[in-house]
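The next block holds one structure in the form of structure tokens; read it before the comments.
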2 protein chains.
Amino acid sequence: MTDTARGTSRRYGTRPTMKDVAARAGVGLKTVSRVVNGEPGVTPDTERRVQEAITALGFRRNDSARILRKGRTASIGLVLEDLADPFYGPLNRAVEEVARGHGALLINGSSAEDPAREQELVLALCARRVDGLVVIPAGDDHRYLEPEIAAGIATVFVDRPAGQIDADVVLSDNFGGAQDAVAHLIAHGHRRIGFIGDQPRIHTARERLRGYRTAMAAAGLPVDDSWVSLGSTAPDRVRTAANAMLDAPEPVTALFAGNNRVTVTAVRVLGERPRPVALVGFDDFELADLVRPAITVVAQDPARMGRTAAGLLFRRLDGTDDAPRQMEIPTRLIARGSGEIPPAQD
Amino acid sequence: MTDTARGTSRRYGTRPTMKDVAARAGVGLKTVSRVVNGEPGVTPDTERRVQEAITALGFRRNDSARILRKGRTASIGLVLEDLADPFYGPLNRAVEEVARGHGALLINGSSAEDPAREQELVLALCARRVDGLVVIPAGDDHRYLEPEIAAGIATVFVDRPAGQIDADVVLSDNFGGAQDAVAHLIAHGHRRIGFIGDQPRIHTARERLRGYRTAMAAAGLPVDDSWVSLGSTAPDRVRTAANAMLDAPEPVTALFAGNNRVTVTAVRVLGERPRPVALVGFDDFELADLVRPAITVVAQDPARMGRTAAGLLFRRLDGTDDAPRQMEIPTRLIARGSGEIPPAQD
DNA sequence: TAGCCTCTAGACAACGTTGTCAAAGGAGGG
DNA sequence: CCCTCCTTTGACAACGTTGTCTAGAGGCTA
């Protein structure tokens, strides 16, 4: 030990504590705590001395200790599928803004659509004792969260429902939006409409499929099995599925794409084909209006979903204790042209 | 006190601690700690008893206490401009992946391009004693971070250099990329090229402007003051600037857009004009190839920037103590057509 | 069988903060 | 002038974990 750990000069990697500040200012520990937290009952003169010591030493309160003592961490966790997915950007930001309004920090991570990773991440956040969680579920069994919720960690699920447990949920109107999309295509003369969606284990994919089937049935149109393809949203898979539907003996004349990644690939595929094919996509995206033809979409409102979810979360944290709610955020059909392409004449 | 805080039934909002587990398993506190942390020196039989108590009580280690004791938080902070900006998505994700590889969680927040908010956020993260920070600076004076860095919080700046302090930095080759963009336009016959960029206080905007000027000078072309417009990237501002350049007595025949937001607006404006105007944008974006004409861009590699920055950070955390480094990530010109539109013949 | 070593296990302090409580000092009322 | 009350201040315990140290049991060697 050759360092001089007294006064101003300190060992590298060691930070001054309230004790150090108290010693330097010649006051008690608790007085420093009072000044740091702006509590009343300190004379201006004492306060000034403490402040001087704080700046001189470069003291910064250790929130880990504070959290341990107080029990609240002033942080919430957000687990989503992929931080890099543009769909979640506005949702992420919205949650952050609400958290900020409540003085909380945001810890987040990607589940990569892997239930095991989701659970690992969620439990790590629980171990950190986040005050609350906003989760976009990857798995469909969340019973592992029961003890955490019982212990007081507020939890809100977004975009997809919770599995096997009763909790607050914020969803898009996937069913209604899909109905609108398909009805739009039917209104423009289509009778053979294909649907390419995400993995069937994903709730939104199933709901959108249900909307598709309902709209077809409502128009009295049959649905051929080969018109529906659920699976990975990887470009290759989507490309193959789209081409199969378009090259069939009785080809589809329109496509309904189940999410933004599917839509993007569909646009590329359709651009390579000789005759125009109508398209409506679920999820809006930047520049959808600049592609020719401009892409008609069913837009969700991810920022509103995030705001709503975070709002519910902080309601819980503020003590509200009513039954879990399920909220549905409406979708909006934005007609830009690609849905209005008439069926090709044979 | 009416609750029965012993055995299995516990007060709502109160969690079992190692003490509770120890009591139930009939062992000492430290033995529980050993089991929880997988330390050696516990007989299989004892371990089993402890594990049973853990599951029975739903115990989960309180990381706040652990952090307080150990000094390391196993979390890093990421401060960027806007979580919702698609450019930062891949960067965010890359940093997360590296952190995950080191067993660390990621806390992040948006500075909203506001230096005060950046500082507030950074200091909040320091109070949480994150092990390290990845910062996309909004301000240009980071001396406030000196005591934190001295105290051992590793810090890496990304996308823009640190202000007034010596630290690790990861930048894109903004200057070279801009030169490439402008040279591309010049090679296709343009002599009057406009540049619309971000606020001049932002480093990348200045570097790209410098690249623009250098490329013009290298080709022996003069630059008229009215061809350069720096400022907000709000659509209105960009629209006005673009139209002014295009409606001038000697209009520019090509535009170089300083970032993705500018490019998007520029595409819209150019789409409304009677005669084609060449365009190269800084930053790639999804669907750039599907717009007609397809947009030529200078692509950055945000994922690589994030990986590099996080890599540097963990190098520091692993004890490396050499001089701060400045790393430059190359950019890549992706020619898609919009840069090859020839100048209009008058 | 004595002596030594190894292995398991627990008691205790410490991390840095905040809540509780009590002491000291001064002001005001009777 | 005494008593009460209020204000300012600090001592101390507690939050839940981990590092250190020591005790005891048991096995092995001589």
Side-chain angles (χ1 to χ4, degrees), chain A residues 5 10-11 13-50 53-54 57-74 124 126-129 131 151-152, chain B residues 1 5 10-11 13-51 53-54 57-74 124 126-129 131 151-152:
Chain A
R10 302 199 56 82
R11 188 162 62 257
T14 286
R15 308 201 57 145
T17 70
M18 286 190 177
K19 211 166 158 184
D20 301 314
V21 175
R24 187 179 170 111
V27 302
L29 185 53
K30 182 66 214 206
T31 300
V32 177
S33 172
R34 275 191 264 264
V35 171
V36 169
N37 294 293
E39 287 170 26
V42 180
T43 49
D45 182 58
T46 311
E47 170 157 10
R48 190 185 44 70
R49 291 217 314 287
V50 172
I54 287 177
L57 295 176
F59 168 79
R60 181 122 25 234
R61 181 178 64 198
N62 183 330
D63 274 353
S64 293
R66 166 170 235 252
I67 286 165
L68 175 60
R69 189 61 234 256
K70 304 206 78 152
R72 280 267 164 134
T73 58
C126 290
R128 295 296 173 99
R129 298 292 190 273
D131 296 334
Chain B
M1 279 292 210
R10 303 197 57 81
R11 189 163 62 257
T14 286
R15 309 203 54 147
T17 70
M18 285 194 179
K19 212 166 158 184
D20 300 313
V21 175
R24 185 179 171 111
V27 301
L29 185 53
K30 181 68 216 207
T31 301
V32 177
S33 172
R34 274 190 266 262
V35 171
V36 169
N37 294 293
E39 287 170 26
V42 181
T43 51
D45 182 57
T46 311
E47 169 157 10
R48 190 186 44 72
R49 290 217 316 286
V50 172
Q51 286 292 7
I54 287 177
L57 295 176
F59 167 80
R60 181 121 26 235
R61 181 178 64 199
N62 183 329
D63 274 354
S64 293
R66 167 171 234 253
I67 286 165
L68 175 60
R69 190 61 235 256
K70 304 206 79 151
R72 279 265 165 135
T73 58
C126 289
R128 295 294 173 101
R129 298 293 189 271
D131 296 333

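Remember, predicted model here, so these are calculated numbers, not experimental data. Proteins come first, then strands; the chains are lettered A, B, ... in the order of their sequence lines, and each starts at number 1.
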Please identify each residue that fulfils side-chain contact (heavy atoms from CB on, under 4.5 Å) with B:Ala22, with sequence neighbours left out.
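B:Val27, B:Val32.
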salt_bridge(B:Arg24, B:Asp20) N-O dist < 4.0 Å:
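No, B:Arg24 and B:Asp20 are not salt-bridged.
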Residue met sooner reading DNA chain C from 5', once A:Met18 and B:Val42 are mapped to nucleotides
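The residue mapped nearer the 5' terminus is B:Val42.
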With nearest nucleotide decided by heavy atoms, which residue, B:Lys70 or B:Val32, maps closer to the 5′ end of DNA chain C?
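Of the two residues, B:Val32 wins.
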Base, sugar-phosphate or nothing for [X]? Non-hydrogen atoms, less than 4.0 Å.
X       : result
B:Leu29 : base
B:Ser33 : base
B:Thr46 : sugar-phosphate
B:Val36 : nothing
A:Asp63 : nothing

Can you tell me which residue among B:Val35, B:Thr46, B:Val36 is in a side chain to side chain contact (heavy atoms under 4.5 Å, CB included) with B:Gln51?
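In the set B:Val35, B:Thr46, B:Val36, the residue that makes a side chain to side chain contact (heavy atoms under 4.5 Å, CB included) with B:Gln51 is B:Val35.
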Between B:Phe59 and B:Arg34, just flag the one whose closest nucleotide in DNA chain D comes earlier from the 5' side.
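Mapping each residue to its closest nucleotide by heavy atoms, the 5'-most match is B:Phe59.
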Do the side-chain N and O atoms of B:Arg128 and A:Asn62 include a donor-acceptor pair separated by under 3.5 angstrom?
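B:Arg128 vs A:Asn62: no donor-acceptor pair found between side chains.
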Are the side chain of A:Asp131 and the backbone N or O of A:Arg72 linked by a donor-acceptor pair below 3.5 Å?
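A pair under 3.5 Å: no.
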Short side-chain to backbone donor-acceptor contact, A:Arg49 and A:Ala25, under 3.5 Å:
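Looks like yes, one N/O pair under 3.5 Å.
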Span of DNA chain C, from the first to the last nucleotide whose atoms fall under 4.0 Å of chain B heavy atoms
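On DNA chain C, the outermost contacted nucleotides are C:dT8 to C:dG16.
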